[in-house]
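Everything on this sheet refers to the single structure shown next.
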Protein chains: 2
Amino acid sequence: MRLSPDQTIELAEMLHIMGEANRLGILLCCLETERAVSDIAAELSLTPSLVSHHLRLLRGARLVRARRQGKQVFYSAADAHVRSVIADLVAHVGEDEAEG
Amino acid sequence: MRLSPDQTIELAEMLHIMGEANRLGILLCCLETERAVSDIAAELSLTPSLVSHHLRLLRGARLVRARRQGKQVFYSAADAHVRSVIADLVAHVGEDEAEG
DNA sequence: CCAACGTATGAACAGTTGTTCATATGTACA
DNA sequence: TGTACATATGAACAACTGTTCATACGTTGG
């Protein structure tokens, strides 16, 4: 239950990457389904350039993985582990709403 | 499972506050046990001033609550909900180690 | 009252971050 | 090859953040 300093830093870095609204939105956007960059940009009303910048950080943090198919690049959650962490967080937000 | 824009912002703000190593360390430090500011500062080798600054942000995000007792102020996780969220995150870090 | 202690606050500074714009890379198709 | 499209990258800039230092506040005991 207690983390080492290194583990604390590691977790903080992950949370830091997720702790920006647009970036979190992008991550949620391609959590369950593979999504192309322009697709994400359209859904969140962001420029493709900005989405690409954020995806680079998300990829750097191993939260997301990319797959090229023709001109498009499809992004999705890196693995089941990431999906699970975020599903937990999302579930907790839902609980907050219920409690008021 | 899908979050509204407002919920996304709310969650991002929470993650943003937790996404700094010293602050996360402080939060973990007073997760299970009530801890005085100087106590936390000593354990993490930080100045009481810095710890106080960070605790103000943690309190602002309702992640932590304060209780004054004489000259000291004891901080602890705001509620069971916060403890649960962080316990989940900590557990996932443990899994990462196991997987390699 | 005063002094000592624990905590909080505010100003200031360097370093970082999110965003935009311009431009480059990569791919497909005529 | 050349044009069009999707994505990526880099520079630049304002806004923000973590930290330090000095100082203030609140509490206890003389």
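Residue numbers begin at 1 in each chain, while the letters A, B, ... track the order of the sequences. Just so you know, these numbers come straight off a predicted model, no measurement behind them.
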Hey, are the side chains of [X] and [Y] touching, using non-hydrogen atoms and a 4.5 Å cut-off?
X       : Y       : answer
B:Ile26 : B:Val51 : yes
A:Leu31 : A:Arg83 : yes
A:Ile9  : A:Glu13 : yes
B:Leu50 : B:His54 : yes
A:Met14 : A:Val85 : yes

Tell me, which pairs form a salt bridge (charged side-chain N to carboxylate O under 4.0 Å, His left out) where one or both residues lie in residues 67-76 of chain A, sequence neighbours left out? A:Glu34-A:Arg67

Measure the distance from [atom1] on [X] to [atom2] on [N] and round it to the nearest whole Å.
X       : N     : atom1 : atom2 : answer
B:Ile40 : C:dA8 : CD1   : C1'   : 14 Å
B:Gln72 : C:dA4 : CD    : P     : 19 Å
B:Arg59 : C:dA8 : CZ    : P     : 6 Å

Please identify which of these residues, A:Met18, A:Arg23, A:Glu20, meets the side chain to side chain contact (heavy atoms under 4.5 Å, CB included) condition with B:Leu15. A:Met18

If you pin B:Gln69 and A:Ser52 to their nearest nucleotides in DNA chain D, which one's is more 5'? A:Ser52

Is there any protein nitrogen or oxygen under 3.5 Å from a nitrogen or oxygen in nucleotides 16-19 of chain C, and what are the pairs?
residue: C:dT17; atom: OP1; partner: A:His16; partner atom: NE2; Å: 3.4
residue: C:dG18; atom: OP1; partner: A:Arg23; partner atom: NH1; Å: 2.9
residue: C:dG18; atom: OP1; partner: A:Arg23; partner atom: NH2; Å: 2.7
residue: C:dG18; atom: OP2; partner: A:Arg23; partner atom: NH1; Å: 3.0
residue: C:dT19; atom: OP1; partner: A:Asn22; partner atom: ND2; Å: 2.5
residue: C:dT19; atom: OP2; partner: A:Asn22; partner atom: ND2; Å: 3.4
residue: C:dT19; atom: OP2; partner: A:His54; partner atom: NE2; Å: 2.6

Distance under 4.0 Å to a non-hydrogen atom of chain A counts as contact; along DNA chain D, which nucleotides mark the start and end? D:dC5 to D:dG10

Judged by nearest nucleotide, the residue sitting upstream toward the 5' end of DNA chain C, A:Gly70 or A:Ser49, is A:Ser49

Just by modelled atom types, is the B:Cys29 backbone N or O under 3.5 Å from a matching donor or acceptor in the B:Arg35 side chain? yes

B:Tyr75 side chain near C:dA8 phosphate (N/O to OP1/OP2, under 4.0 Å): yes

